[in-house]
2 protein chains.
Amino acid sequence: MPNPPAGKNPIGEHRIVHNCEACAVRDLALCSGLEGNELDDLERIVTRIALEPGRTLFYEGDEARNVFNVTSGAIRLYKLLSDGRRQVTGFMLPGDYLGLSVHGIYAYCAEAIGETHLCRFPVKDLNQLLDAYPRLEKRLLGMTRDELAAAQDQMLLLGRKSPVEKVASFLLDLCGREERLGEDEIDIVTLPMSRSDIADYLGLTVETVSRTFSRLKTEGVIDLPESSRIVFKERDKLEELAEGMI
Amino acid sequence: MPNPPAGKNPIGEHRIVHNCEACAVRDLALCSGLEGNELDDLERIVTRIALEPGRTLFYEGDEARNVFNVTSGAIRLYKLLSDGRRQVTGFMLPGDYLGLSVHGIYAYCAEAIGETHLCRFPVKDLNQLLDAYPRLEKRLLGMTRDELAAAQDQMLLLGRKSPVEKVASFLLDLCGREERLGEDEIDIVTLPMSRSDIADYLGLTVETVSRTFSRLKTEGVIDLPESSRIVFKERDKLEELAEGMI
DNA sequence: TAAAACCGTTGATTTCGGTCAATGCGGATT
DNA sequence: AATCCGCATTGACCGAAATCAACGGTTTTA
């Protein structure tokens, strides 16, 4: 049963009727801490929205009125320097939570990569729920803690890994996340994002990313049937590469 | 009134008698969320420890039994690759909280830089307190959120900034933190860490860090009366450099 | 249907930061 | 005072990744 759109607002978001109980990411997202009437209270404050490819959800510096949970598609988070250099700080997949703010201001920009669906929670309402349901707050703390740990892994990658190590780490990480989402095609990763997104995530240029993919293909470590599909031919080799053991 | 040591254990930690009410970082640390008898409960589970320079507090992968709050000195957090490459993920100063764990395992190594004092909280006991005092949990969430935001700034630095931009950002950041700690010497930063710590924090080599300091000195942006003291001669210039506006 | 725009790949060239090496400097030890 | 040691600095050189450029394939637009 598809979610029927319930109207389109001026900035290109589609509101959608939805049911949390039946949600695909129910066990991954913020809501996983809740059940029964707790979930009803959460459902009362949520709005489901859809974003078309390339649509900006919010900018760094905007007043942070909402937090979001991805239910389908993918979002890129990024920061910009004044001359346009970009650092992608994360890719948010179904189940992931976004909307980090400091002093009520978003800490990064968020853009849809492909067609993307999200749950939107007004911060004001959510804060009240947090007080009522400690389990929800625990869940939020847990998700923030996990994201901090991932950010520190990314620092190691950005500061000290070579291009091959970066690309290998990235592919394995994405593979692990897709597996956790129930992708059963083992050893195949689908890349929702462009080479330039990957480059800006890994602190490289598009050319270097492309050359590294080609090199891994030539060496027989991966296969590239299409530019957005990666097949792991030698996963152990890839894992060794990712940790700098070669 | 100094804190009298109360005995030294086999691994080189000194336990210390202490009073939270009179603590210097009372308003910065975890405890800032509490007052009165709440603070008493926290005090009941805390142990004050002292570390001599270079002492390891815990390793990445250790079972995470405690979390810590720095009260004086400085701690470096870092991750290692198998061949010894190191990424320093953060410097923890008085008021900062450390002990991030995923699945009950520490996510990084923690080492004292100089003589350092900390409050140690057993995770088990702290979790009970978190349930009893929501404000404490809010405080923890807030501190984790701030650290995540800082980690994302650091990703931008590591992935997209040039050496000068990295060093300038680092100096300004450290200056801001020392000011918040009540350092009243405006425009003077004292570096508790070595050049190699800085290099491993910024994703550079010692040589490049050293050359960049020298270059900034030659250009009259900073002064370097000693290798661990930085005087800002032209703060605006430094701020422009940090954001890549030159 | 042609033109344009975009994306990914590959090649040639350049450059910035890493590597290697030598020296200086201050504090600790004898 | 003399030696040593770790840390910081400086110089010379080199190489890996950035930059610049071109091309093929696909999608979008006119």
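Residue numbers start from 1 in every chain, and the chains themselves are labelled A, B, ... in the order their sequence lines are given, proteins ahead of strands.
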Provide the closest heavy-atom pair for [X] versus [Y] in the form atom of the first, atom of the second, distance.
| X | Y | value |
| --- | --- | --- |
| A/Pro94 | A/Thr71 | CB-O, 3.6 Å |
| B/Leu174 | B/Met193 | CD2-CE, 4.2 Å |
| A/Glu60 | A/Leu80 | OE1-N, 4.3 Å |
| A/Phe213 | A/Ile230 | CE2-CD1, 3.8 Å |

Discussion item. Tell me which one of A/Gln87, A/Glu111, A/Arg86 satisfies side-chain hydrogen bond (donor to acceptor under 3.5 Å, both in side chains) with A/Tyr78.
Written reply: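 One option only clears the test, and that one is A/Glu111.
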Ion pair check, [X] and [Y], cut-off under 4.0 Å:
| X | Y | result |
| --- | --- | --- |
| A/Glu219 | A/Arg215 | yes |
| A/Lys79 | B/Asp153 | yes |
| A/Arg55 | A/Glu115 | no |
| B/Asp200 | B/Arg85 | no |
| B/Asp96 | B/Arg177 | yes |

Worksheet item: Hey, where on DNA chain D does chain B first and last touch, going 5' to 3'? Cut-off is any atom under 4.0 Å from a heavy atom.
Response: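 In short, chain B contacts DNA chain D from D/dA8 to D/dA12.
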Worksheet item: Which residues within residues 201-212 of chain A lie with some heavy atom under 4.0 Å of an atom in DNA chain D?
Response: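 Correct list: A/Gly203, A/Leu204, A/Thr205, A/Glu207, A/Thr208, A/Arg211.
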Worksheet item: By a strict heavy-atom criterion of less than 4.0 Å, which residues belonging to residues 80-90 of chain A are in contact with DNA chain D?
Response: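 Output list: empty, so none.
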Discussion item. Can you list everything that forms a ring pair (Phe, Tyr, Trp, His ring centres under 6.0 Å) with A/Phe170? Sequence neighbours excluded, please.
Written reply: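 A/Tyr201.
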Worksheet item: Roughly how bent is the helix from C/dT1-D/dA30 to C/dT30-D/dA1 end to end, in steps of 10 degrees, with each end axis from five pairs?
Response: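 Result, rounded to 10 degrees: 40°.
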Worksheet item: Which is the 5'-most and which the 3'-most nucleotide of DNA chain C that has an atom under 4.0 Å from a heavy atom of chain A?
Response: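 Nucleotide range with atoms under 4.0 Å of chain A: C/dG8 to C/dA12.
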Worksheet item: Stepwise, does the side chain to side chain contact (heavy atoms under 4.5 Å, CB included) test hold for B/Ile75 with B/Leu51?
Response: CA-CA 10 Å; B/Ile75 298 272; B/Leu51 297 178; 4.2 Å; yes
Discussion item. Using only atom types and a distance under 3.5 Å, with no angle test, would you say the side chain of B/Thr212 pairs donor to acceptor with the backbone of B/Thr208?
Written reply: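 Flag set: sc B/Thr212 to bb B/Thr208 pair under 3.5 Å.
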Worksheet item: Does any non-hydrogen side-chain atom of B/Leu28 lie less than 4.5 Å from one of B/Leu181?
Response: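 B/Leu181 vs B/Leu28: side chains touch.
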Worksheet item: Mind checking whether B/Cys175 and B/Phe232 have side chains closer than 4.5 Å, heavy atoms only?
Response: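 Side-chain contact under 4.5 Å: yes.
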